[in-house]
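Below: the structure, in structure tokens.
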Amino acid sequence: MADAELKKAFTELKNKSVETATRIKAVDNQVEQCKNRGKHAELTYMEVKQTSGATKLYESVGRMFVLETQDTILEQLKDRAAMSRESIQKLENQKVYLSKNLKESENALRELVESKKTTIAK
């Protein structure tokens with residue numbers, strides 16, 4: 001009976017750890033994408049800021065381009081960079097939560113194994 005419980009607990013932990021590891025990798029990928037988007041927005045911001053006020057600037061909207069003012073484009077780029085930073089922070093918090101959750105389940109399994117060892121030893 002104890003072996004069946006331990007086997008079930010190990011199977012559940014293995015499944016949970018694989019699922020959590022997959023989710024952590026997905027979060028890492030999302031963080032990289034957000035970093036790239038933020039960096040792209042910052043670099044574009046610096047380039048647009050260096051242009052003169054007489055330069056025509058266009059924003060891509062679907063399959064067309066719309067003439068925009070430099071101030072409007074700079075504001076949009078600032079917003080994109082800020083949104084990327086916020087997304088990165090949220091994803092990092094999610095990653096920390098997933099890691100803690102995995103460690104807690106591993107500790108619970110260790111406690112189960114120890115309790116079964118003491119039960120069997122008696």
Side-chain angles (χ1 to χ4, degrees):
M1 175 126 178
D3 289 336
E5 288 179 25
L6 284 175
K7 187 174 182 179
K8 182 179 178 184
F10 277 121
T11 305
E12 288 176 6
L13 175 66
K14 178 127 175 128
N15 291 339
K16 188 172 186 177
S17 65
V18 168
E19 179 184 327
T20 304
T22 304
R23 290 172 71 189
I24 288 173
K25 285 181 184 179
V27 168
D28 285 337
N29 289 337
Q30 289 175 342
V31 167
E32 282 301 313
Q33 289 175 352
C34 286
K35 283 181 182 178
N36 290 340
R37 272 189 255 128
K39 187 68 171 174
H40 183 265
E42 290 171 4
L43 292 173
T44 305
Y45 177 85
M46 291 188 320
E47 290 297 320
V48 169
K49 194 168 183 158
Q50 292 176 359
T51 62
S52 67
T55 306
K56 291 184 179 183
L57 300 171
Y58 294 90
E59 179 186 9
S60 172
V61 179
R63 294 176 62 183
M64 67 179 187
F65 293 92
V66 177
L67 182 62
E68 291 285 350
T69 64
Q70 183 180 17
D71 293 335
T72 303
I73 290 181
L74 289 174
E75 189 64 34
Q76 290 173 353
L77 291 170
K78 278 185 195 176
D79 291 343
R80 285 183 196 158
M83 286 174 46
S84 292
R85 285 190 294 273
E86 289 172 11
S87 295
I88 289 170
Q89 186 62 38
K90 288 178 185 176
L91 290 168
E92 290 293 340
N93 290 340
Q94 184 179 3
K95 184 178 174 182
V96 167
Y97 171 76
L98 290 171
S99 298
K100 285 181 181 178
N101 194 6
L102 181 62
K103 286 181 183 179
E104 286 176 7
S105 63
E106 287 174 352
N107 288 337
L109 182 65
R110 283 190 190 101
E111 290 175 10
L112 177 65
V113 169
E114 289 298 319
S115 68
K116 293 298 178 184
K117 282 183 182 178
T118 57
T119 304
I120 292 173
K122 290 179 181 180

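Residue indices begin at 1 and follow the sequence shown. Computed from a prediction, not measured in an experiment: that's the story for all the values here. FYI, side chains are in, hydrogens and waters are out, and symmetry mates aren't considered; it's all heavy atoms of this structure.
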Answer yes or no: is there a donor N or O on one side and an acceptor on the other, between the side chain of Thr118 and the main chain of Glu114, under 3.5 Å? yes
Could you tell me which non-hydrogen atom of Ser84 sits nearest to which non-hydrogen atom of Gly38, and how far apart they are? OG-N, 3.4 Å
With salt bridge (Lys or Arg N to Asp or Glu O under 4.0 Å) as the rule and sequence neighbours excluded, what pairs involving residues 12-24 come up? Glu19-Arg23
Find the distance between SG (Cys34) and CZ (Arg80) and round it off to the nearest 0.5 Å. 14.0 Å
A side-chain contact here means heavy atoms from C-beta on lying under 4.5 Å apart; do Leu102 and Leu98 qualify? no
Test side-chain hydrogen bond (donor to acceptor under 3.5 Å, both in side chains) applied to Asn29 - qualifying residues, sequence neighbours left out: none
Which pairs with one or both residues in residues 82-103 pass salt bridge (Lys or Arg N to Asp or Glu O under 4.0 Å), sequence neighbours excluded? Asp28-Lys95, Glu42-Arg85
Please tell me whether Val48 and Met46 are part of a single hydrophobic cluster in this structure, the criterion being side-chain heavy atoms less than 4.5 Å apart. no
What is the distance from atom OG of Ser115 to atom CD of Glu111, rounded to the nearest 0.5 Å? 8.5 Å
side-chain hydrogen bond (donor to acceptor under 3.5 Å, both in side chains) partners for Ser99, two or more places apart: none
Using salt bridge (charged side-chain N to carboxylate O under 4.0 Å, His left out) as the criterion, list what pairs up with Glu75, not counting sequence neighbours. none
CD-CG distance between Glu68 and Leu74, expressed to the nearest 0.5 angstrom: 11.5 Å
Close side-chain approach of Lys39 to Lys35, heavy-atom, < 4.5 Å: no
Got a sec, which residues hit side-chain hydrogen bond (donor to acceptor under 3.5 Å, both in side chains) with Thr11, two or more places apart in sequence or on another chain? none
Do Leu57 and Gln70 come close enough that some side-chain heavy atom pair is under 4.5 Å? yes
Short side-chain donor-acceptor distance under 3.5 Å, Thr20 and Ser17: no
Here the gap from Thr51 atom OG1 to Glu47 atom CD, rounded to the nearest 0.5 Å, amounts to 9.0 Å
